[in-house]
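Heads up: numbering here begins at 1 and tracks the sequence.
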Amino acid sequence: MDDRPRSGAARTERTRGTDLDLLGIYLNDHLAGATAGVERAHHLVRTARDAALSEALGPVAAEIARDRVSLLGIIRDLGIPVRRYKICAGWTAEKVGRLKSNGRLLRRSPLSTFLELELLRVAVEGKAAGWETLRRLTAIEKRLDPRLLDDLLERARRQQDVVEEWRTRQAAAAFQQR
């Protein structure tokens with residue numbers, strides 16, 4: 001006798017699980033963003049004229065790099081393939097973004113740092129949104145660690161606070177007439 005479920009029972013069980021194809025696309029898109037975010041954060045620390053800004057953002061940049069490693073671990077734990085072309089796209093997009101005109105031809109303008117802080121803010125907010133999404137998925141995807149995601153969310157919130165503090169400070173300097 002056949003003990004398999006009849007009618008839609010098997011389909012119902014499948015729809016309650018995680019669609020790993022779509023989650024893979026989502027996580028690889030976040031990985032591309034994380035790659036760009038790491039590059040942007042390190043660039044900002046290296047090029048900031050204000051030593052206090054570099055000192056404040058140095059630990060944030062290091063955490064952003066560790067967060068990317070955590071994302072790679074989550075992707076690995078879920079058995080999702082890493083899409084290298086998306087990593088390359090994120091890296092390239094960050095480099096191309098540096099070519100944007102900042103009102104100065106050969107040197108950095110005060111606007112450069114301000115815009116980079118805004119970009120970093122958006123990157124950290126996007127990362128936090130990704131962690132929140134994954135945290136909600138822990139209810140249906142048992143391979144996701146809720147404590148890890150809580151820690152990553154808390155760290156992202158602290159990073160948002162630091163970046164926003166410096167973005168606000170830099171706003172006045174960026175638009176002062178010289």
Side-chain angles (χ1 to χ4, degrees), residues 14-48 53-54 56-100 112-168 170:
R14 185 165 185 242
T15 59
R16 288 186 187 162
T18 306
D19 186 329
L20 291 179
D21 291 335
L22 292 178
L23 187 57
I25 293 167
Y26 178 77
L27 292 177
N28 274 285
D29 287 350
H30 270 275
L31 183 57
T35 301
V38 167
E39 292 296 315
R40 180 59 52 151
H42 286 305
H43 175 73
L44 184 53
V45 169
R46 282 191 313 273
T47 60
L53 172 61
S54 289
L57 290 182
V60 171
E63 286 179 354
I64 290 171
R66 284 196 310 271
D67 293 345
R68 183 181 178 279
V69 171
S70 293
L71 178 57
L72 281 165
I74 290 168
I75 291 170
R76 182 196 64 237
D77 291 349
L78 292 170
I80 293 171
V82 171
R83 303 296 180 203
R84 302 248 180 253
Y85 70 91
K86 288 193 178 189
I87 294 172
C88 291
W91 185 88
T92 302
E94 192 280 330
K95 302 300 185 233
V96 169
R98 293 182 193 179
L99 299 175
K100 188 204 102 22
S112 299
T113 300
F114 179 69
L115 287 172
E116 288 174 358
L117 283 163
E118 284 200 343
L119 287 170
L120 190 56
R121 175 186 169 177
V122 169
V124 173
E125 287 175 3
K127 173 178 61 176
W131 297 144
E132 287 173 0
T133 297
L134 291 176
R135 180 60 176 94
R136 286 189 179 95
L137 288 176
T138 62
I140 59 171
E141 180 52 65
K142 300 305 177 195
R143 292 175 290 178
L144 292 170
D145 181 351
R147 286 184 307 242
L148 170 64
L149 292 164
D150 288 341
D151 291 345
L152 291 168
L153 259 171
E154 179 58 35
R155 188 158 65 199
R157 289 182 183 121
R158 285 193 314 269
Q159 292 165 4
Q160 286 172 317
D161 291 343
V162 172
V163 172
E164 180 56 17
E165 176 187 340
W166 283 95
R167 188 196 69 83
T168 302
Q170 195 64 34

So which atom in [X] and which in [Y] form the shortest heavy-atom distance, rounded to 0.1 Å?
X	Y	result
E94	A36	CG-O, 3.4 Å
A48	L53	CB-CD2, 3.7 Å
H42	A65	NE2-CB, 4.1 Å
A32	K86	CB-O, 3.1 Å

Are [X] and [Y] close enough that some pair of their side-chain heavy atoms sits under 4.5 Å apart?
X	Y	result
I80	I74	no
I64	L120	yes
L149	D145	no
W131	L71	yes

Treating T138 as the side-chain partner and L134 as the backbone partner, does any N or O pair qualify as donor plus acceptor under 3.5 Å?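 Not a single qualifying donor-acceptor pair exists.
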Looking at P81, is its backbone amide N or carbonyl O close enough to the side chain of N28 to form a donor-acceptor pair, meaning the two atoms are under 3.5 Å apart?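 Side chain of N28 to backbone of P81: a pair is present.
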Enter the distance from [X]:[atom1] to [Y]:[atom2] here, rounded to the nearest 0.5 Å.
X	Y	atom1	atom2	answer
L57	T113	CG	OG1	10.0 Å
L117	R40	CG	CZ	10.5 Å
L152	S70	CG	OG	5.0 Å
R136	L144	CZ	CG	13.5 Å

Which residues pass the side-chain hydrogen bond (donor to acceptor under 3.5 Å, both in side chains) test with [X], not counting sequence neighbours?
X	answer
D150	R135
E141	T18, R143
E63	Q159
T35	R68

Qualifying side-chain hydrogen bond (donor to acceptor under 3.5 Å, both in side chains) pairs with a residue from residues 72-84, counting only residues at least two apart or across chains: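 side-chain hydrogen bond (donor to acceptor under 3.5 Å, both in side chains) check on residues 72-84 returns no pairs.
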Only pairs under 3.5 Å count here: list side-chain donor-acceptor contacts from residues 160-167, not counting sequence neighbours, and write none if there are none.
from: E164; atom 1: OE1; to: R121; atom 2: NH1; distance (Å): 3.0
from: E164; atom 1: OE1; to: R167; atom 2: NE; distance (Å): 2.8
from: E164; atom 1: OE2; to: R167; atom 2: NH2; distance (Å): 2.9
from: E164; atom 1: OE2; to: T168; atom 2: OG1; distance (Å): 3.2
from: E165; atom 1: OE2; to: R169; atom 2: NH2; distance (Å): 2.5
from: R167; atom 1: NH1; to: E118; atom 2: OE2; distance (Å): 3.1

